[in-house]
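Below you'll find the structure, written out as structure tokens, and then a few comments.
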Amino acid sequence: MRKPIMAGNWKMNKTISESLSFIESLKSSAAGISDIEILICPPFTSLFALREQMQGTQIALGAQNLFWEAKGAFTGEISPIMLKDSGCKYVLIGHSERRQYFGETDECVNKKTKAAFEAGLIPIVCVGETLKEREDNLTFKIIERQIRGGLSQLQPQYAKEIVIAYEPVWAIGTGKTASPKQAQEVHQFIRKTYESLYAGCAEGIRLLYGGSVKPDNISELMRQQDIDGGLVGGASLEPDSFLKLINYQK
Ligand code: PGA
């Protein structure tokens with residue numbers, strides 16, 4: 001049985017005080033929820049303050065990026081150990097905005113994924129095709145390349161723990177969601193591809209869908225066999241809508 005995850009990706013939003021007041025509102029409503037993992041990925045600057053505030057709650061903390069080296073002369077970068085130290089359990093890797101605006105490649109995703117595991121973090125590796133790639137019927141080819149390239153040569157103990165997020169680029173922040181059928185089709189393909197890399201591991205790993213997830217489309221998405229949660233941008237910025245996503249079964 002895979003435990004679902006509802007993850008909020010705040011991107012470059014919220015100051016420390018805004019982050020704190022969000023958690024303050026969410027905290028009591030989230031108390032007692034144990035059938036789903038609740039995850040918030042704020043900007044780096046809010047991590048430490050949130051770690052303090054989330055203590056004793058069911059809410060987990062994640063970062064949006066990392067660098068693969070442990071320390072050294074890499075101005076502006078943050079290491080996996082620093083994230084662990086700031087209270088992170090998870091880290092997003094290879095988000096399409098990182099690939100698009102910061103030139104991240106599958107090779108870089110692979111280095112980051114391995115470094116995250118070695119520091120005791122659980123990577124949430126993002127994959128997804130652009131609109132042009134979908135229209136050119138390249139969706140499966142692109143996803144396969146991203147999975148094989150980004151997730152190659154993981155240690156067996158880590159291969160079982162990874163989380164993969166399918167986020168079609170054309171659905172991110174556009175209000176266009178992949179239909180549950182389209183999403184399920186790709187999720188199933190991801191599981192199959194992953195199984196061919198790490199036999200016996202694919203059935204247990206969690207696959208999240210991301211791209212304009214909203215309170216009114218989450219239930220139908222979550223009913224799909226291979227969708228185990230959401231990676232949510234816009235709708236995770238307000239406690240009310242995020243709470244509705246967490247309570248998608250109600
Ligand atoms: P969105 O973003 O929910 O605003 O589409 C999702 C994401 O980029 O993780």
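Order of listing sets the numbers, starting from 1, for every ligand and every atom in it.
Residue contacts with ligand 1, taken as heavy atom pairs separated by less than 4.0 Å, involve N9 solely via side-chain atoms from C-beta onward. Contacts between A171 and ligand 1 below 4.0 angstrom, taking non-hydrogen atoms only, involve the backbone exclusively.
For the ring-ring contact (aromatic ring centres under 6.0 Å, His included) condition, the pairs that include at least one residue of residues 14-38, sequence neighbours left out, are W10-F22.
Heavy-atom contacts from other residues, nucleotides or ligands closer than 6.0 Å to CD of Q157 number more than 12. Shown here is E52, whose CD atom has more than 12 heavy atoms of other residues, nucleotides or ligands within 6.0 Å. Around atom CD of E238, no more than 12 heavy atoms belonging to other residues, nucleotides or ligands sit under 6.0 Å away.
Checking S19, S86, S17 one by one against S46, the side-chain hydrogen bond (donor to acceptor under 3.5 Å, both in side chains) holds for a single residue, S19. Under the salt bridge (charged side-chain N to carboxylate O under 4.0 Å, His left out) rule, E104 has a single partner from R99, K112, K111, which is K112.
For atom 4 (O) of ligand 1, the nearest non-hydrogen atom of the protein is G234 N, 2.9 Å. When hydrogens are left out, the protein atom nearest atom 3 (O) of ligand 1 is G233 N, 2.8 Å; that is the closest non-hydrogen contact. Regarding atom 9 (O) of ligand 1, its nearest protein heavy-atom neighbour is E167 OE2, 2.7 Å.
Heavy-atom distances between G210 and ligand 1 stay at or above 4.0 Å for every pair. Look at A235 and you'll find every heavy atom at least 4.0 Å from all atoms of ligand 1. Not a single heavy atom of K214 sits under 4.0 Å from any atom of ligand 1.
Atoms of ligand 1 found under 4.0 Å from any heavy atom of G173, numbered from 1 in the order shown, are 1 (P), 4 (O), 5 (O). Of all the atoms in ligand 1, the ones that sit under 4.0 Å from a non-hydrogen atom of G211 are 5 (O). Of all the atoms in ligand 1, the ones that sit under 4.0 Å from a non-hydrogen atom of H95 are 7 (C), 8 (O), 9 (O).
A donor atom on one side chain and an acceptor atom on the other are found under 3.5 Å apart for Y166 and E129.
Residue K11 has at least one N or O atom closer than 3.5 Å to an N or O atom of ligand 1.
For D106 and R148, the salt-bridge test fails: no basic side-chain N is under 4.0 Å from an acidic carboxylate O.
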